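Heads up, the thing below is written out as C-alpha coordinates.
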Amino acid sequence: MRDIDLTFTSAGERLAGTLTLPDGDGPFPAALLVPGSGPVNRDSDHRRLPLGVTRWLAEALAAAGIASLRYDKRGVGASTGAFLTSGFRDNMDDAAAALATLRGRPEIDPGSVGVAGHSEGALIATNLAAHDPAVAAVVLLSGAAKIGAETLRWQAARLAPTLPAFVRAVLRLTRTDLVTKVTKNHERIRRTTTDVARIGGVRVNARWTREFLDYDPAADLALIKAPVLAVTGEKDLQVDPGDLARMAELVPGPIETHLIPDLSHILRRQPGTPSLRAYKREAREPVDAQVRDLVTAWLVRTLAAPARDGG
(Lines give C-alpha, C1' and ligand atoms only; values in the text may rest on other atoms or scores of the structure.)
Protein backbone atom coordinates (compact mmCIF):
# COMPACT_ATOMS: atom_id res chain seq x y z
CA MET A 1 0.00 0.00 0.00
CA ARG A 2 1.26 3.47 -0.93
CA ASP A 3 -0.05 6.86 0.19
CA ILE A 4 0.40 9.92 -2.03
CA ASP A 5 -0.50 13.36 -0.69
CA LEU A 6 -2.11 15.60 -3.28
CA THR A 7 -4.14 18.79 -3.65
CA PHE A 8 -6.96 19.87 -5.95
CA THR A 9 -9.04 23.01 -6.29
CA SER A 10 -12.75 23.61 -5.84
CA ALA A 11 -14.36 27.06 -6.11
CA GLY A 12 -10.98 28.69 -5.53
CA GLU A 13 -10.13 26.65 -2.43
CA ARG A 14 -7.19 24.26 -2.28
CA LEU A 15 -8.29 20.94 -0.82
CA ALA A 16 -5.76 18.39 0.39
CA GLY A 17 -6.13 14.65 0.33
CA THR A 18 -4.48 11.24 0.24
CA LEU A 19 -4.47 8.89 -2.72
CA THR A 20 -4.00 5.37 -1.40
CA LEU A 21 -2.75 2.84 -3.95
CA PRO A 22 -2.49 -0.95 -3.70
CA ASP A 23 0.72 -2.79 -4.49
CA GLY A 24 1.36 -3.11 -8.21
CA ASP A 25 1.52 -0.91 -11.26
CA GLY A 26 -2.15 -0.27 -12.06
CA PRO A 27 -4.17 1.23 -13.51
CA PHE A 28 -6.39 0.38 -10.54
CA PRO A 29 -10.12 0.51 -9.95
CA ALA A 30 -10.81 3.17 -7.35
CA ALA A 31 -13.31 4.71 -4.96
CA LEU A 32 -13.77 8.28 -3.79
CA LEU A 33 -14.33 8.20 -0.02
CA VAL A 34 -16.61 11.02 1.16
CA PRO A 35 -16.60 11.76 4.92
CA GLY A 36 -19.55 12.51 7.18
CA SER A 37 -20.78 15.78 8.63
CA GLY A 38 -18.85 18.26 10.75
CA PRO A 39 -15.30 19.62 10.52
CA VAL A 40 -13.60 16.30 9.79
CA ASN A 41 -10.34 15.57 8.03
CA ARG A 42 -9.53 13.06 5.31
CA ASP A 43 -9.62 10.20 7.83
CA SER A 44 -13.10 11.22 9.12
CA ASP A 45 -11.50 12.46 12.34
CA HIS A 46 -13.03 15.32 14.34
CA ARG A 47 -10.71 16.89 16.92
CA ARG A 48 -13.01 15.59 19.68
CA LEU A 49 -13.97 12.30 18.06
CA PRO A 50 -11.49 10.54 15.75
CA LEU A 51 -13.75 8.16 13.80
CA GLY A 52 -11.26 7.03 11.17
CA VAL A 53 -14.04 5.71 8.91
CA THR A 54 -12.46 6.69 5.59
CA ARG A 55 -8.96 5.67 6.74
CA TRP A 56 -10.13 2.19 7.72
CA LEU A 57 -11.94 1.83 4.40
CA ALA A 58 -8.94 3.06 2.41
CA GLU A 59 -6.69 0.45 4.04
CA ALA A 60 -9.19 -2.36 3.50
CA LEU A 61 -9.72 -1.41 -0.14
CA ALA A 62 -5.98 -1.17 -0.85
CA ALA A 63 -5.47 -4.66 0.53
CA ALA A 64 -8.10 -5.87 -1.97
CA GLY A 65 -6.51 -4.10 -4.95
CA ILE A 66 -8.69 -0.96 -5.01
CA ALA A 67 -7.26 2.55 -4.85
CA SER A 68 -9.03 5.40 -3.07
CA LEU A 69 -8.96 9.15 -2.53
CA ARG A 70 -10.00 10.82 0.72
CA TYR A 71 -9.68 14.51 1.54
CA ASP A 72 -9.84 17.17 4.25
CA LYS A 73 -13.01 19.27 4.22
CA ARG A 74 -12.76 23.05 3.77
CA GLY A 75 -10.95 24.74 6.63
CA VAL A 76 -9.86 21.40 8.12
CA GLY A 77 -6.43 19.77 8.10
CA ALA A 78 -4.39 21.02 5.16
CA SER A 79 -7.36 22.37 3.17
CA THR A 80 -8.02 26.08 2.79
CA GLY A 81 -11.35 27.81 3.31
CA ALA A 82 -13.65 28.09 6.32
CA PHE A 83 -15.73 25.15 7.46
CA LEU A 84 -18.31 27.24 9.30
CA THR A 85 -19.27 29.23 6.19
CA SER A 86 -19.34 26.27 3.79
CA GLY A 87 -22.70 25.13 2.47
CA PHE A 88 -24.04 21.62 1.92
CA ARG A 89 -23.93 22.33 -1.82
CA ASP A 90 -20.29 23.45 -1.46
CA ASN A 91 -19.53 20.02 -0.01
CA MET A 92 -21.17 18.43 -3.07
CA ASP A 93 -19.05 20.60 -5.39
CA ASP A 94 -15.89 19.67 -3.48
CA ALA A 95 -16.68 15.97 -3.82
CA ALA A 96 -17.25 16.38 -7.56
CA ALA A 97 -13.85 18.09 -7.87
CA ALA A 98 -12.25 15.27 -5.89
CA LEU A 99 -13.89 12.69 -8.17
CA ALA A 100 -12.55 14.42 -11.29
CA THR A 101 -9.08 14.51 -9.70
CA LEU A 102 -9.21 10.79 -8.91
CA ARG A 103 -10.28 9.88 -12.45
CA GLY A 104 -7.49 12.01 -13.90
CA ARG A 105 -4.68 10.26 -12.07
CA PRO A 106 -2.49 8.03 -14.29
CA GLU A 107 -2.58 5.25 -11.68
CA ILE A 108 -6.39 4.97 -11.94
CA ASP A 109 -8.68 3.25 -14.45
CA PRO A 110 -11.17 6.10 -15.09
CA GLY A 111 -13.87 3.65 -16.22
CA SER A 112 -13.86 1.81 -12.88
CA VAL A 113 -14.31 4.54 -10.30
CA GLY A 114 -17.01 4.41 -7.63
CA VAL A 115 -18.10 6.64 -4.77
CA ALA A 116 -18.50 5.60 -1.12
CA GLY A 117 -19.90 7.97 1.48
CA HIS A 118 -20.68 7.83 5.18
CA SER A 119 -23.54 9.79 6.80
CA GLU A 120 -23.58 13.22 5.09
CA GLY A 121 -21.08 11.68 2.70
CA ALA A 122 -23.71 9.10 1.69
CA LEU A 123 -26.04 11.93 0.66
CA ILE A 124 -23.23 13.53 -1.33
CA ALA A 125 -22.43 10.18 -2.97
CA THR A 126 -26.13 9.90 -3.87
CA ASN A 127 -26.06 13.32 -5.53
CA LEU A 128 -22.81 12.60 -7.40
CA ALA A 129 -24.05 9.30 -8.78
CA ALA A 130 -27.39 10.80 -9.81
CA HIS A 131 -25.77 13.45 -11.98
CA ASP A 132 -22.61 11.67 -13.18
CA PRO A 133 -23.39 8.61 -15.31
CA ALA A 134 -19.70 7.61 -15.31
CA VAL A 135 -19.87 6.63 -11.61
CA ALA A 136 -19.40 2.86 -11.67
CA ALA A 137 -20.56 1.97 -8.14
CA VAL A 138 -22.18 3.66 -5.14
CA VAL A 139 -21.75 2.74 -1.47
CA LEU A 140 -24.10 4.43 1.02
CA LEU A 141 -23.06 3.91 4.65
CA SER A 142 -25.50 5.19 7.32
CA GLY A 143 -27.33 7.08 4.59
CA ALA A 144 -30.79 8.68 4.52
CA ALA A 145 -33.66 8.63 2.04
CA LYS A 146 -35.79 11.35 3.64
CA ILE A 147 -35.69 15.11 3.15
CA GLY A 148 -33.20 16.65 5.59
CA ALA A 149 -35.78 18.31 7.86
CA GLU A 150 -37.63 15.02 8.28
CA THR A 151 -34.41 13.14 9.04
CA LEU A 152 -33.50 15.63 11.78
CA ARG A 153 -36.99 15.38 13.32
CA TRP A 154 -36.72 11.58 13.29
CA GLN A 155 -33.29 11.91 14.89
CA ALA A 156 -34.63 14.13 17.68
CA ALA A 157 -37.45 11.68 18.43
CA ARG A 158 -35.02 8.76 18.49
CA LEU A 159 -32.49 10.56 20.69
CA ALA A 160 -34.96 11.84 23.31
CA PRO A 161 -35.32 8.52 25.22
CA THR A 162 -31.54 7.97 25.20
CA LEU A 163 -30.66 11.26 26.92
CA PRO A 164 -29.28 11.15 30.49
CA ALA A 165 -31.96 10.84 33.18
CA PHE A 166 -31.22 14.35 34.49
CA VAL A 167 -31.75 15.88 31.03
CA ARG A 168 -34.98 13.94 30.52
CA ALA A 169 -36.19 15.17 33.92
CA VAL A 170 -35.43 18.80 32.99
CA LEU A 171 -37.32 18.39 29.71
CA ARG A 172 -40.32 17.01 31.59
CA LEU A 173 -40.24 19.77 34.20
CA THR A 174 -40.01 22.48 31.55
CA ARG A 175 -42.60 20.69 29.40
CA THR A 176 -40.18 20.74 26.51
CA ASP A 177 -40.76 18.40 23.60
CA LEU A 178 -37.42 17.81 21.89
CA VAL A 179 -38.88 17.36 18.42
CA THR A 180 -40.87 20.59 18.73
CA LYS A 181 -37.81 22.46 20.00
CA VAL A 182 -35.67 21.19 17.13
CA THR A 183 -38.36 22.10 14.61
CA LYS A 184 -38.59 25.66 15.99
CA ASN A 185 -34.81 26.03 15.75
CA HIS A 186 -35.01 24.92 12.12
CA GLU A 187 -37.67 27.56 11.45
CA ARG A 188 -35.41 30.21 12.97
CA ILE A 189 -32.52 29.10 10.78
CA ARG A 190 -34.71 29.12 7.68
CA ARG A 191 -35.40 32.81 8.33
CA THR A 192 -31.69 33.65 8.34
CA THR A 193 -29.85 34.83 5.24
CA THR A 194 -26.23 34.73 6.44
CA ASP A 195 -23.73 31.87 6.25
CA VAL A 196 -23.37 31.82 10.05
CA ALA A 197 -26.02 32.63 12.68
CA ARG A 198 -26.42 32.41 16.45
CA ILE A 199 -29.05 29.95 17.61
CA GLY A 200 -29.44 29.58 21.37
CA GLY A 201 -26.21 31.53 21.82
CA VAL A 202 -24.23 29.11 19.63
CA ARG A 203 -22.75 30.02 16.24
CA VAL A 204 -24.04 27.56 13.66
CA ASN A 205 -23.49 27.07 9.96
CA ALA A 206 -26.84 28.49 8.90
CA ARG A 207 -26.30 28.13 5.16
CA TRP A 208 -25.32 24.47 5.45
CA THR A 209 -28.38 23.85 7.64
CA ARG A 210 -30.79 25.64 5.29
CA GLU A 211 -29.52 23.64 2.34
CA PHE A 212 -29.50 20.36 4.27
CA LEU A 213 -33.06 20.85 5.56
CA ASP A 214 -34.33 21.24 2.00
CA TYR A 215 -32.31 18.48 0.34
CA ASP A 216 -34.46 15.48 -0.59
CA PRO A 217 -32.29 12.51 -1.60
CA ALA A 218 -35.33 10.69 -3.02
CA ALA A 219 -35.12 12.63 -6.29
CA ASP A 220 -31.43 11.77 -6.71
CA LEU A 221 -31.85 8.13 -5.66
CA ALA A 222 -34.40 7.75 -8.45
CA LEU A 223 -31.78 8.86 -11.01
CA ILE A 224 -28.98 6.46 -10.06
CA LYS A 225 -28.24 3.86 -12.72
CA ALA A 226 -25.03 2.47 -11.19
CA PRO A 227 -25.14 -0.50 -8.79
CA VAL A 228 -25.75 0.57 -5.19
CA LEU A 229 -24.75 -0.98 -1.86
CA ALA A 230 -26.55 0.53 1.15
CA VAL A 231 -25.55 -0.44 4.70
CA THR A 232 -27.11 0.90 7.90
CA GLY A 233 -26.87 -0.21 11.52
CA GLU A 234 -29.86 -1.45 13.49
CA LYS A 235 -28.73 0.80 16.38
CA ASP A 236 -28.40 3.96 14.27
CA LEU A 237 -29.69 7.00 16.17
CA GLN A 238 -29.07 9.56 13.44
CA VAL A 239 -30.68 8.11 10.32
CA ASP A 240 -33.73 5.88 10.08
CA PRO A 241 -32.76 2.26 9.34
CA GLY A 242 -36.16 2.03 7.65
CA ASP A 243 -34.76 4.23 4.90
CA LEU A 244 -33.02 1.16 3.47
CA ALA A 245 -36.39 -0.10 2.23
CA ARG A 246 -37.14 3.29 0.68
CA MET A 247 -33.78 3.27 -1.10
CA ALA A 248 -34.58 -0.15 -2.52
CA GLU A 249 -37.89 1.20 -3.87
CA LEU A 250 -36.40 4.39 -5.32
CA VAL A 251 -33.18 3.21 -7.00
CA PRO A 252 -34.04 2.01 -10.52
CA GLY A 253 -30.82 0.05 -11.00
CA PRO A 254 -29.41 -2.88 -9.02
CA ILE A 255 -29.30 -2.25 -5.27
CA GLU A 256 -28.20 -4.42 -2.35
CA THR A 257 -29.20 -3.37 1.18
CA HIS A 258 -27.96 -4.62 4.55
CA LEU A 259 -29.28 -3.85 8.02
CA ILE A 260 -26.49 -4.86 10.44
CA PRO A 261 -27.56 -5.93 13.96
CA ASP A 262 -26.11 -3.89 16.86
CA LEU A 263 -24.29 -1.53 14.47
CA SER A 264 -24.26 2.17 15.39
CA HIS A 265 -24.17 5.23 13.13
CA ILE A 266 -20.36 5.34 13.36
CA LEU A 267 -20.14 1.74 12.06
CA ARG A 268 -19.14 0.05 15.32
CA ARG A 269 -21.01 -2.60 17.29
CA GLN A 270 -23.08 -1.28 20.18
CA PRO A 271 -24.75 -3.99 22.28
CA GLY A 272 -27.55 -3.01 24.62
CA THR A 273 -29.47 0.25 24.53
CA PRO A 274 -28.16 2.57 21.79
CA SER A 275 -26.51 5.77 23.03
CA LEU A 276 -24.51 8.65 21.60
CA ARG A 277 -22.44 8.61 24.78
CA ALA A 278 -20.91 5.29 23.67
CA TYR A 279 -19.34 6.88 20.58
CA LYS A 280 -16.18 7.98 22.37
CA ARG A 281 -15.50 4.44 23.55
CA GLU A 282 -16.51 2.89 20.23
CA ALA A 283 -14.26 5.21 18.23
CA ARG A 284 -11.23 3.55 19.85
CA GLU A 285 -12.17 0.37 17.98
CA PRO A 286 -11.77 -0.19 14.23
CA VAL A 287 -14.71 0.10 11.85
CA ASP A 288 -16.74 -3.10 12.14
CA ALA A 289 -15.06 -5.97 10.28
CA GLN A 290 -18.32 -7.12 8.69
CA VAL A 291 -18.85 -3.65 7.22
CA ARG A 292 -15.27 -3.46 5.91
CA ASP A 293 -15.49 -6.94 4.38
CA LEU A 294 -18.93 -6.31 2.89
CA VAL A 295 -17.95 -3.03 1.26
CA THR A 296 -14.61 -4.36 0.01
CA ALA A 297 -15.99 -7.57 -1.51
CA TRP A 298 -18.89 -5.72 -3.15
CA LEU A 299 -16.63 -3.07 -4.68
CA VAL A 300 -14.19 -5.72 -5.94
CA ARG A 301 -17.06 -7.49 -7.74
CA THR A 302 -18.75 -4.33 -8.99
CA LEU A 303 -15.75 -2.36 -10.17
CA ALA A 304 -14.45 -5.40 -12.05
CA ALA A 305 -17.74 -5.67 -13.97
CA PRO A 306 -16.93 -3.05 -16.68
CA ALA A 307 -13.68 -4.86 -17.48
CA ARG A 308 -15.51 -8.22 -17.71
CA ASP A 309 -18.26 -6.74 -19.86
CA GLY A 310 -15.71 -5.12 -22.15
CA GLY A 311 -13.73 -8.33 -22.51
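Quick caveat, the model's predicted, so the values are computed rather than measured.
Interatomic distance, CG of Leu21 versus OG of Ser68, reported as 8.5 Å (0.5 Å rounding). The structure places CG of Leu213 at 10.0 Å from OG1 of Thr151, a figure rounded to the nearest 0.5 Å. How far CG of Leu263 is from CZ of Arg268: 9.5 Å, rounded to the nearest 0.5 Å. Going from atom CZ of Phe212 over to atom CG of Leu123 covers 5.5 Å, rounded to the nearest 0.5 Å. Note that the NZ atom of Lys235 and the CD atom of Gln270 stand 6.5 Å from one another [nearest 0.5 Å]. Summarising the geometry, atom CZ belonging to Arg269 is positioned 9.5 Å from atom CD belonging to Glu234; distances are rounded to the nearest 0.5 Å.
Grouping Ile, Leu, Val, Met, Phe, Trp and Tyr by side-chain contacts under 4.5 Å, direct or through others, leaves Leu223 on its own.
Residue pairs satisfying the ring pair (Phe, Tyr, Trp, His ring centres under 6.0 Å) criterion with at least one member in residues 16-58, sequence neighbours excluded, are absent.
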Practice prompt. Check the pair Asp220, Tyr215 against side chain to side chain contact (heavy atoms under 4.5 Å, CB included), reporting the backbone distance first and the verdict last.
Written response: CA-CA 10 Å; Asp220 283 340; Tyr215 175 64; 2.7 Å; yes
Item to complete: Let me see the working for Arg105 and Leu6 under side chain to side chain contact (heavy atoms under 4.5 Å, CB included), right down to the final yes or no.
Response: CA-CA 11 Å; Arg105 294 287 304 193; Leu6 54 78; 4.1 Å; yes
Worksheet entry | Check against side chain to side chain contact (heavy atoms under 4.5 Å, CB included), Leu229 and His258 | CA-CA 8 Å; Leu229 172 68; His258 293 266; 3.6 Å; yes
Practice prompt. May I have the step-by-step check of side chain to side chain contact (heavy atoms under 4.5 Å, CB included) for Leu102 and Leu19, ending in yes or no?
Written response: CA-CA 8 Å; Leu102 179 59; Leu19 177 69; 3.6 Å; yes
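For the residue pair Asp94/Ser10, the side-chain donor-acceptor check at 3.5 Å is satisfied. With 3.5 Å as the limit, one finds a donor-acceptor pair spanning the side chains of Thr20 and Arg70. A donor and an acceptor atom, one from each side chain of Glu282 and Ser264, are located under 3.5 Å apart. Side-chain contact annotation: Thr54 with Ser44, donor-acceptor N/O pair under 3.5 Å present. Looking only at atom types and distance, the side chain of Thr192 has a donor-acceptor partner in the side chain of Arg210 under 3.5 Å away.
No donor-acceptor pair closer than 3.5 Å links the side chain of Ser112 to the backbone N or O of Asp109.
Residues forming a ring pair (Phe, Tyr, Trp, His ring centres under 6.0 Å) with Phe83 (at least two apart in sequence, or on another chain): none.
Here the side chains of Met92 and Leu128 are not in contact, with every heavy-atom distance at 4.5 Å or above.
Within 6.0 Å of CG on Asp25 lie no more than 12 heavy atoms contributed by other residues, nucleotides or ligands.
The pair Arg246-Asp240 does not meet the salt-bridge criterion, since no charged nitrogen lies less than 4.0 angstrom from a carboxylate oxygen.
Between His118 and His265, the ring planes lie tilted relative to each other; the angle falls in the 30° to 60° range.
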